[in-house]
Amino acid sequence: MHCALYDAGRCRSCQWLEKPYPQQLNDKQSLLEQLLAERPMGEWLPPVQSAQQGFRNKAKMVVSGSVERPIFGMVARDGEPVDLCACPLYPDSFSAVFTLLKPFIARAGLTPYNVARKRGELKFLLLTESTQGGMMLRFVLRSTNKLQQLRDALPWLQQQLPQLKVISANIQPVHMAILEGDEEIALTPDQALAERFNQVPLYIRPQSFFQTNPQVAADLYATARDWVAQLPVNSMWDLFCGVGGFGLHCATPEMQLTGIEINAEAIACAQQSAQQLGLEKVSFAALDSTQFATSREAVPQLVLVNPPRRGIGAELCAYLSEMAPDYILYSSCNPTSMAQDIARLAEYDVIRVQLFDMFPHTVHFEVLCLLSKKGGTA
């Protein structure tokens with residue numbers, strides 16, 4: 001992938017851009033194998049590759065410059081703004097949106113926030129695209145001072161960009177490098193962006209997490225579904241479930257499934273999908289996953305975990321070791337914390353591992369790992 005911003009030294013987010021893509025995959029696979037070298041391995045499956053550009057469904061843009069000439073991108077270490085509208089990770093469809101947002105900001109009078117002066121209103125623009133063609137746009141503002149001006153100007157933007165199905169304003173009043181605040185204000189009647197992976201309906205709400213590489217995410221969910229379908233199970237937990245991508249793929253009419261996620265927005269998405277699919281034995285709740293699990297006196301046959309980068313941790317590992325579900329399916333965006341957790345689960349065999357290259361040109365990747373209780377049926 002060629003990137004003029006990288007060549008000019010203006011953006012180095014893609015740390016591995018100079019490595020040929022096959023070498024990136026080999027290096028990631030080698031790192032993963034090193035991290036799991038202490039455990040006997042049942043089966044290594046080949047890495048799932050990504051498109052090398054245009055794969056990212058989300059842009060997180062710092063807004064700087066002036067109200068007449070806003071700049072979307074990031075602020076370099078020297079304090080200079082860097083325009084990232086031409087970043088090759090974004091799909092071509094983003095370009096038209098960025099082009100129209102610049103005059104819109106002037107129409108709405110949304111002065112970009114100046115970090116040094118602690119003045120201005122518009123901090124970030126967050127743009128997400130569904131594979132179904134719709135988009136979600138979030139304006140991150142310092143306060144509600146310009147909210148009415150934003151509302152008044154929106155009809156023009158919506159006429160120009162009918163693909164904007166979900167629009168909201170997030171209020172982030174703190175003078176810190178925090179992407180968003182707690183308060184979200186809906187600016188369109190619909191606040192759930194429709195998505196669909198492998199014929200499974202999914203929804204993205206403004207404050208819910210969703211994978212940024214749809215093609216690889218769809219492959220990841222489909223693989224989890226295929227692995228679970230091979231297991232003799234009819235009950236499972238989906239912990240740290242997000243919008244329910246894993247659980248909804250693995251669910252069958254017979255499967256008793258409980259999905260747990262602390263983010264209420266994500267749970268609303270998962271519940272909407274489950275209702276649409278008519279899954280009567282599936283339930284989702286907005287709770288802390290570790291507290292939910294460790295307060296239960298019995299476990300299902302399968303526990304699926306998809307934790308944040310910190311992993312599931314010692315407390316949940318100890319609980320799973322004691323309660324001993326037949327299988328654990330572990331999805332991780334941090335192989336180091338995953339390896340630490342797997343080392344704690346000494347009573348389990350590692351049956352199958354596969355790397356998913358969710359983040360090309362960086363050191364990061366996703367992993368799916370199937371564990372089986374020792375002495376059980378693999």
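Residues Leu5 and Phe98 share a single hydrophobic cluster, defined by chaining ILVMFWY side chains whose heavy atoms lie under 4.5 Å apart. Criterion: ILVMFWY side-chain heavy atoms under 4.5 Å apart, direct or through other members. Under it, Phe284 and Val200 are part of a common hydrophobic cluster.
Residues satisfying the ring-ring contact (aromatic ring centres under 6.0 Å, His included) criterion with Phe210, sequence neighbours excluded, are Phe197. In this structure, the salt bridge (Lys or Arg N to Asp or Glu O under 4.0 Å) partners of Glu121, at least two apart in sequence or on a different chain, are Arg142.
For the pair Arg12 and Tyr6, the distance from NZ or CZ to the six-membered ring centre is under 6.0 Å and the angle to the ring normal is within 45 degrees.
With His361 as the partner, the side chain to side chain donor-acceptor pair (under 3.5 Å) test is satisfied by one option alone out of Gln24, Gln52, Lys19, Gln15: Gln24.
Between Leu89 atom CG and Asn57 atom CG the span is 11.5 Å, to the nearest 0.5 Å.
Counted by atom type alone, Gln215 and Asp219 present one or more donor-acceptor pairs between their side chains at under 3.5 Å. Donor-acceptor pairing under 3.5 Å is lacking for the side chains of Tyr221 and Asn198. In this structure, a donor-acceptor pair under 3.5 Å is absent between the side chains of Gln275 and Gln271. One side chain, Tyr203 or Gln276, offers a donor N or O that lies under 3.5 Å from an acceptor on the other.
Using modelled atom types, one side-chain atom of Gln354 and one backbone atom of Pro46 make a donor-acceptor pair closer than 3.5 Å.
In summary, the aromatic rings of Phe356 and Phe365 are positioned with their centroids too far apart to meet the 6.0 Å limit.
Arg138 and Glu184 are joined by a salt bridge, as a carboxylate oxygen and a charged side-chain nitrogen come within less than 4.0 angstrom of each other.
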**Message:** side-chain contact (heavy atoms from CB on, under 4.5 Å) for Phe139 and Leu125? Distances and angles first, verdict last.
**Reply:** CA-CA 5 Å; Phe139 296 88; Leu125 291 172; 3.4 Å; yes
**side-chain contact (heavy atoms from CB on, under 4.5 Å) between Thr188 and Gln158, intermediate numbers included** = CA-CA 10 Å; Thr188 51; Gln158 291 171 291; 3.6 Å; yes
